[in-house]
Amino acid sequence: ENEPYVGNKESDYAFVNIVSNIFPWIVDRRSKENYWWKDHHNGRNQGSMFAPLLFDFLYSAAWIGTYGEAWAYYPPMSVFSDGHPFTFTDLIGTNYSTHKALFVAPNLPENDPDRRAHFTAPYPDTARPGKSLITVSAPIYFTGIFHNYTYNDTYIACTGLDIAVSSVSSLLSVLFDSLTKESFAILVDSKFNIIVISQPVVEMIYPKRTGFEKDRVTYSKADG
């Protein structure tokens, strides 16, 4: 089930290994150094020459998943289980198809003929209960010969970054009142659907529809 369009599971894993080499640098470089999952010997992201990060970490994870279900994920999933062996199978079982997942399905050829990147709406993190994520993902196509298989503009995989909603909210809070009085920022998608909005902005825009204070409660004239 879920075999690659070209090649086999082995060639899929080879693609995954090549791409995943840059994941530690991407994730950790946008995190405070005590949140790094491995040592990085070149470059820093904190110190007197750098503006301090406004969050502990921006990206919860970087990942790639092929059409044939070869996956790589960083940080190692064992960090969610106190160092014990831990995989996607432990989370979702052995019969789960990622082709229907909300962060994969929009990238499949039949759903994305224009090959655009995609943002999800916030959703609960499966690996870290209690965390809310936004995922940005994009499809990967390849033309050429790889592992003795010939690819001709073939869909290989989608790759993405999981972004912590709490970190985005921290950035939005800093931008409040920063340009002009009561100016604010919100995160929207390409169709201007709101993805993330901070609570102070919600209360400013919709003061009669937020909170649980007595003066904000609307009572029905029919039954009180």
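For the single chain, residues carry numbers from 1 onward in sequence order.
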So, taking the atom named [atom1] in [X] and the one named [atom2] in [Y], what distance separates them when rounded to the nearest 0.5 Å?
{"X": "T135", "Y": "L102", "atom1": "OG1", "atom2": "CG", "result": "7.0 Å"}
{"X": "L58", "Y": "S167", "atom1": "CG", "atom2": "OG", "result": "5.5 Å"}
{"X": "T66", "Y": "E3", "atom1": "OG1", "atom2": "CD", "result": "9.5 Å"}

Below 4.5 Å, heavy atoms only, C-beta onward: do [X] and [Y] meet side chain to side chain?
{"X": "P4", "Y": "E69", "answer": "no"}
{"X": "I140", "Y": "I64", "answer": "yes"}
{"X": "T154", "Y": "F142", "answer": "no"}
{"X": "I163", "Y": "V136", "answer": "yes"}
{"X": "Y5", "Y": "I156", "answer": "no"}

Side chain to side chain contact (heavy atoms under 4.5 Å, CB included) involving I22 - partner list, sequence neighbours excluded: I26
D153: partners by side chain to side chain contact (heavy atoms under 4.5 Å, CB included), with sequence neighbours left out: R115, Y141, T143
Heavy-atom pair with the smallest gap, counting every atom of [X] and [Y]:
{"X": "N111", "Y": "A105", "value": "ND2-O, 2.7 Å"}
{"X": "D112", "Y": "P106", "value": "CB-O, 3.0 Å"}
{"X": "F23", "Y": "A72", "value": "CE1-O, 4.1 Å"}
{"X": "S60", "Y": "A164", "value": "OG-CB, 3.9 Å"}
{"X": "T120", "Y": "I134", "value": "O-CG2, 3.4 Å"}
{"X": "F146", "Y": "S11", "value": "CE2-O, 3.6 Å"}

Expected output: side-chain N8 to main-chain E10 donor-acceptor under 3.5 Å: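 The answer is yes, because a donor-acceptor pair under 3.5 Å joins these two groups.
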Taking only distance into account, with no hydrogens and no angle test, what donor-acceptor pairs under 3.5 Å do side-chain atoms of residues 13-20 form with protein atoms, sequence neighbours excluded?
residue	atom	partner	partner atom	Å
N17	ND2	Y13	O	3.4
S20	OG	V16	O	3.0
S20	OG	N17	O	3.2

By ring-ring contact (aromatic ring centres under 6.0 Å, His included) - contacts of H99 (at least two apart): Y67
Pairs flagged by salt bridge (charged side-chain N to carboxylate O under 4.0 Å, His left out) wherever residues 11-25 is involved - sequence neighbours left out: none
Y74 and D28: side chain donor to acceptor below 3.5 Å: yes
Any pair counted as ring-ring contact (aromatic ring centres under 6.0 Å, His included), so long as it reaches residues 100-127, sequence neighbours left out: W63-F103
Residues, nucleotides or ligands: over 12 heavy atoms within 6.0 Å of N21 CG: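 Counting neighbours around CG of N21, more than 12 heavy atoms of other residues, nucleotides or ligands fall under 6.0 Å, so yes.
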